[in-house]
There are 2 protein chains.
Amino acid sequence: MSRKPMVRPGGRSARVQASVHAAVHELEAEVGREALTVPLVATRAGVTPSTIYRRWGDLQELLSDVAVERLRPETAPEDKGSLRSDLEAWAEQFLEEMAAPTGRAYIRDALLGDPDGSNAGQCSAYAAEQIAVILDRAVGREETTPDAETVLDRVVAPMMYRILFRPDGLDTAYARQLVAGLVGSTDH
Amino acid sequence: MSRKPMVRPGGRSARVQASVHAAVHELEAEVGREALTVPLVATRAGVTPSTIYRRWGDLQELLSDVAVERLRPETAPEDKGSLRSDLEAWAEQFLEEMAAPTGRAYIRDALLGDPDGSNAGQCSAYAAEQIAVILDRAVGREETTPDAETVLDRVVAPMMYRILFRPDGLDTAYARQLVAGLVGSTDH
DNA sequence: ACCTTAAAGCAAATACGTTGCTTCAAGTGC
DNA sequence: GCACTTGAAGCAACGTATTTGCTTTAAGGT
């Protein structure tokens with residue numbers, strides 16, 4: 001983490017962190033991401049601005065932390081019975097979530113307020129974990145599977161590239177097409 | 001463009017734009033990107049801060065414009081005699097430039113101050129142009145060629161993904177490997 | 001040469017970000 | 001359980017950045 005929420009695990013610091021994160025969520029919904037400022041968040045959270053500046057450095061790093069928290073997947077990928085359909089389902093859901101305006105905003109925030117790259121690395125790690133689960137499952141079924149790096153290169157990277165650099169005309173068919181290109185489009 | 005340098009093409013506005021961009025370049029070199037502020041740039045450029053705020057909105061959007069300008073390729077990709085070697089040479093150079101700290105900073109700036117995605121889209125368009133040149137040349141040689149979209153998905157996107165999300169351990173071998181995966185690694 | 005009108009300059013008011021110092025309370029040793 | 005240590009939060013004052021209304025300049029059109 002940028003300026004380490006390695007807070008004392010329980011107690012006042014934890015309460016401050018929680019209320020600041022909650023304030024960011026509330027205010028994003030109420031006034032929009034553009035209108036967020038540190039003093040505004042601080043007031044809502046019931047802390048002084050200097051507390052936020054000292055713990056997070058600036059608004060971008062705070063938003064980056066919040067974004068990573070929100071990008072963490074909540075559930076294991078669904079088991080659809082085959083590698084191909086597992087990957088398709090996961091990729092479609094990933095693309096839907098990430099390509100939505102709110103998802104793109106989180107990705108950008110995670111990337112941008114992140115001088116050392118650790119938050120961005122965390123995002124990639126989340127995707128890699130999900131993929132590893134899918135691949136393990138496929139190995140258990142004795143399917144032939146690509147390795148995780150290949151899935152990142154062939155499925156995740158193209159989706160991310162388009163989300164960030166060419167946000168127009170993205171739909172779930174694109175996700176399926178990428179998966180098909182990787183596992184072969186013969187069966188279904 | 002974020003706040004449109006669709007300036008009156010010649011005259012004072014153009015001079016202001018040029019001197020502001022020049023000031024950014026000079027000051028990046030002199031004091032470093034972190035220390036840039038709007039008033040500092042304005043003073044160096046010989047304009048008032050409010051001029052910059054009104055034209056660009058904020059420092060991030062200004063830096064985003066400057067970054068895109070710098071990411072524009074200056075020369076057509078070199079002709080190495082075959083599709084494979086043209087792509088390899090281009091991808092290696094692209095990766096070297098973009099993965100370097102200064103290149104990553106430009107990419108981040110281009111993405112950052114870019115609410116509507118048009119600057120990011122421009123970056124992708126630059127890459128697409130270069131690739132189109134390479135593919136046209138290959139067609140002229142009567143080689144079989146993938147289409148440009150496929151090259152973006154299979155070569156550009158994975159490089160960008162790693163640059164942004166997993167910046168460690170990138171080297172030109174990775175670029176070659178991606179090209180090999182696309183055009184087949186049989187000949188050379 | 002004279003209009004029209006974006007865009008730049010100026011200056012005042014506001015808001016943001018930084019910092020030294022003080023106060024609070026979580027975790028530690030007695 | 002009590003007091004000690006220490007990291008973190010509060011407070012307040014300062015410097016800088018940002019916003020804004022109004023004025024002035026000069027580019028492009030007639």
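Labels below follow one simple rule: chain letters A, B, ... track the order of the sequence lines, proteins then strands, and each chain is numbered from 1.
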**Q.** A:Y106/A:V68 under side chain to side chain contact (heavy atoms under 4.5 Å, CB included): CA gap, chis, key distance, verdict
**A.** CA-CA 7 Å; A:Y106 284 132; A:V68 171; over 6 Å; no
Q: Would you check, one step at a time, whether the test side chain to side chain contact (heavy atoms under 4.5 Å, CB included) holds for A:R84 with A:E143?
A: CA-CA 10 Å; A:R84 169 108 186 249; A:E143 296 185 82; 6.0 Å; no
Q) Step by step, would you call A:T51 with A:T48 a side chain to side chain contact (heavy atoms under 4.5 Å, CB included)? A) CA-CA 6 Å; A:T51 294; A:T48 62; 3.3 Å; yes
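In the set D:dT18, C:dT19, C:dG9, the nucleotide with an atom closest to the side chain of B:V47 is C:dG9. Picking from C:dG20, C:dG9, C:dA8 the nucleotide with the shortest atom distance to the side chain of B:V16 gives C:dA8. Listed candidates were C:dA8, D:dA9, C:dC16. Nearest to the side chain of A:Y53 is C:dC16. Counting only heavy atoms from C-beta on, A:R15 has its side chain closest to C:dA26 among C:dA11, C:dA26, C:dA8. The side chain of A:S50 has C:dT19 as its nearest neighbour among C:dG9, C:dT19, C:dA8. Closest to the side chain of B:R54, out of C:dA8, D:dA8, D:dT20, is D:dT20.
The CD1-P distance, from B:I52 to D:dT16, rounds to 18 Å in whole Å. A:Q17 places its CD atom 13 Å from the C1' atom of D:dA8, with the value rounded to the nearest Å. For B:D58 and C:dG17, the CG to P distance is 12 Å, given to the nearest whole Å. Rounding to whole angstrom units, CD of residue A:E61 and P of C:dG17 are separated by 13 Å. We find that CH2 of B:W56 is positioned 18 Å from C1' of D:dA17, with the value rounded to whole Å. If you measure from atom CZ of A:R55 to atom P of D:dG10, you get 10 Å, rounded to the nearest angstrom.
Using modelled atom types and a 3.5 Å distance limit, the side chains of B:N119 and B:S64 yield a donor-acceptor pair.
Remark: DNA chain D takes part in the stems C:4-26 with D:5-27, C:28-30 with D:1-3, each of 3 or more antiparallel Watson-Crick or G-U pairs, criterion distances under 3.5 Å.
Checked against side chain to side chain contact (heavy atoms under 4.5 Å, CB included), B:P167 has the following partners two or more places apart in sequence or in another chain: B:R104.
A side chain to side chain donor-acceptor pair (under 3.5 Å) check over residues 94-103 of chain B, counting only residues at least two apart or in different chains, returns the pairs B:Q93-B:E97. Listed by first and then second residue, the side chain to side chain donor-acceptor pair (under 3.5 Å) pairs that reach into residues 32-42 of chain B are B:R33-B:D109, sequence neighbours excluded.
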Distance-only check: which donor-acceptor pairs under 3.5 Å involve side-chain atoms of residues 157-165 of chain B, not counting sequence neighbours?
| from | atom 1 | to | atom 2 | distance (Å) |
| --- | --- | --- | --- | --- |
| B:Y161 | OH | A:S124 | OG | 3.0 |
| B:R162 | NH1 | A:E149 | OE1 | 3.0 |

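For C:dC10, neither phosphate oxygen OP1 nor OP2 lies less than 4.0 angstrom from any side-chain nitrogen or oxygen of B:T48.
Of all the residues in residues 23-43 of chain A, A:T37, A:V38, A:P39 reach under 4.0 Å from DNA chain C with at least one non-hydrogen atom.
By the 4.0 Å N-to-carboxylate-O rule, B:R141 lies close enough to B:D86 to be salt-bridged with it.
Mapping A:G46 and B:P49 onto DNA chain D by nearest heavy atom places A:G46 closer to the 5' end of the strand.
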